[in-house]
Amino acid sequence: MAERPEDLNLPNAVITRIIKEALPEGVNVSKEARRAISQAASVFVLYATSCANNFAMKAKRKTLNAGDVMAAMEEMEFERFLQPLREALEAYKKGLKGKKEASEQKRKDKEKKTDAEENDKSREEENLEEEDENMEEDQEGENEGEEEVEN
């Protein structure tokens with residue numbers, strides 16, 4: 001577990017991408033500034049997590065949930081970020097729901113395909129059995145015809 005901000009290093013690529021998206025095109029950021037932003041982000045993550053954990057502990061839970069994070073943001077006086085966070089959470093939930101529905105539909109389609117293949121296989125087996133029976137009947141008929149010719 002990270003005890004100090006120095007123990008938590010967010011990926012540089014992620015920090016750089018966030019910085020680039022936040023600034024107008026053509027603005028350069030020094031390595032020193034990126035490092036400072038990265039450390040500030042680490043401190044923020046640790047503080048927000050700690051506050052959210054306090055809410056979970058008060059509720060006698062070991063798992064942090066979105067409500068804990070929202071309450072922590074409010075306690076940290078970041079109320080102006082609550083609405084964007086709620087919107088992002090809703091978008092995330094819709095995405096999960098869409099993925100779940102797509103997965104369920106894929107599973108159902110696979111089951112239908114499997115059932116159809118089994119039905120086709122059963123029909124093929126029935127047709128083969130009928131052909132075998134017909135061939136046996138034809139051979140019996142030929143054998144009877146040969147016996148009549150011999151007599």
Side-chain angles (χ1 to χ4, degrees), residues 1-140:
M1 184 172 119
E3 296 291 328
R4 302 170 302 158
E6 301 86 48
D7 296 339
L8 177 66
N9 294 317
L10 298 172
N12 287 331
V14 173
I15 298 297
T16 301
R17 182 171 34 94
I18 292 170
I19 291 170
K20 282 183 179 181
E21 289 174 3
L23 295 174
E25 200 167 318
V27 175
N28 294 320
V29 179
S30 70
K31 277 187 176 182
E32 187 177 278
R34 267 196 307 256
R35 181 74 179 133
I37 292 169
S38 178
Q39 285 184 317
S42 296
V43 168
F44 176 78
V45 169
L46 288 172
Y47 183 50
T49 303
S50 177
C51 287
N53 187 49
N54 289 339
F55 284 101
M57 287 172 51
K58 286 177 189 174
K60 298 180 180 170
R61 288 183 283 105
K62 291 185 177 182
T63 303
L64 302 182
N65 62 32
D68 299 326
V69 175
M70 299 293 186
M73 294 297 286
E74 195 168 351
E75 182 177 285
M76 296 181 334
E77 299 180 5
F78 283 101
E79 292 91 358
R80 69 181 226 190
F81 294 107
L82 288 175
Q83 190 56 37
L85 279 174
R86 285 186 189 104
E87 291 169 4
L89 182 60
E90 280 302 310
Y92 173 75
K93 286 180 179 179
K94 284 181 184 177
L96 281 182
K97 186 178 180 184
K99 285 181 183 179
K100 186 177 179 181
E101 288 172 354
S103 176
E104 185 67 23
Q105 186 62 42
K106 192 174 182 179
R107 185 185 61 78
K108 286 179 181 179
D109 290 346
K110 189 174 181 180
E111 285 177 3
K112 285 181 184 177
K113 184 178 178 183
T114 302
D115 290 346
E117 287 174 354
E118 287 176 6
N119 288 339
D120 289 347
K121 198 172 187 181
S122 295
R123 279 192 219 111
E124 285 179 23
E125 289 173 359
E126 288 174 9
N127 288 340
L128 287 174
E129 288 175 10
E130 286 179 17
E131 286 177 11
D132 287 347
E133 289 173 7
N134 289 340
M135 288 177 74
E136 288 174 9
E137 288 174 4
D138 288 347
Q139 285 179 347
E140 287 176 9

Quick check for you: to the nearest 0.5 Å, what is the distance between [X] atom [atom1] and [Y] atom [atom2]?
| X | Y | atom1 | atom2 | value |
| --- | --- | --- | --- | --- |
| Glu79 | Met73 | CD | CE | 9.0 Å |
| Leu10 | Ser42 | CG | OG | 4.0 Å |
| Ile19 | Asn28 | CD1 | CG | 11.5 Å |
| Met57 | Ser50 | CE | OG | 9.0 Å |
| Lys20 | Ile15 | NZ | CD1 | 13.5 Å |

Q.
The criterion is side chain to side chain contact (heavy atoms under 4.5 Å, CB included); which residues satisfy it with Leu64, sequence neighbours excluded?
A.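 With neighbours one apart ignored, the set is Thr49, Ala52, Asn53, Ala56, Asp68.
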Do the side chains of [Y] and [X] get nearer than 4.5 Å, heavy atoms only?
| X | Y | value |
| --- | --- | --- |
| Asn12 | Arg34 | no |
| Met76 | Glu74 | no |
| Arg86 | Glu90 | no |

Q. What residue pairs, at least two apart or across chains, pass ring pair (Phe, Tyr, Trp, His ring centres under 6.0 Å) with a residue in residues 17-47?
A.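 Every pair satisfying ring pair (Phe, Tyr, Trp, His ring centres under 6.0 Å) with a residue in residues 17-47: Phe44-Phe78.
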Q. Is the CD atom of Gln83 crowded by more than 12 outside heavy atoms at less than 6.0 Å?
A.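 More than 12 heavy atoms, drawn from other residues, nucleotides or ligands, come within 6.0 Å of this atom.
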Q: Determine whether more than 12 heavy atoms belonging to other residues, nucleotides or ligands lie under 6.0 Å from atom CD of Glu32.
A: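 Not more than 12 within 6.0 Å, no.
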Q | Residues Phe55, Arg61; criterion side chain to side chain contact (heavy atoms under 4.5 Å, CB included); working and verdict | A | CA-CA 9 Å; Phe55 284 101; Arg61 288 183 283 105; 5.6 Å; no
Q: Decide side chain to side chain contact (heavy atoms under 4.5 Å, CB included) for Lys97 and Lys94; before the verdict, give the C-alpha distance in whole Å, the side-chain angles of both, and the deciding distance to 0.1 Å.
A: CA-CA 5 Å; Lys97 186 178 180 184; Lys94 284 181 184 177; 5.5 Å; no
Q: Please report the closest heavy-atom contact between Leu89 and Met70, naming both atoms and the distance.
A: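 So the two residues come closest at CD2-CE, 4.2 Å.
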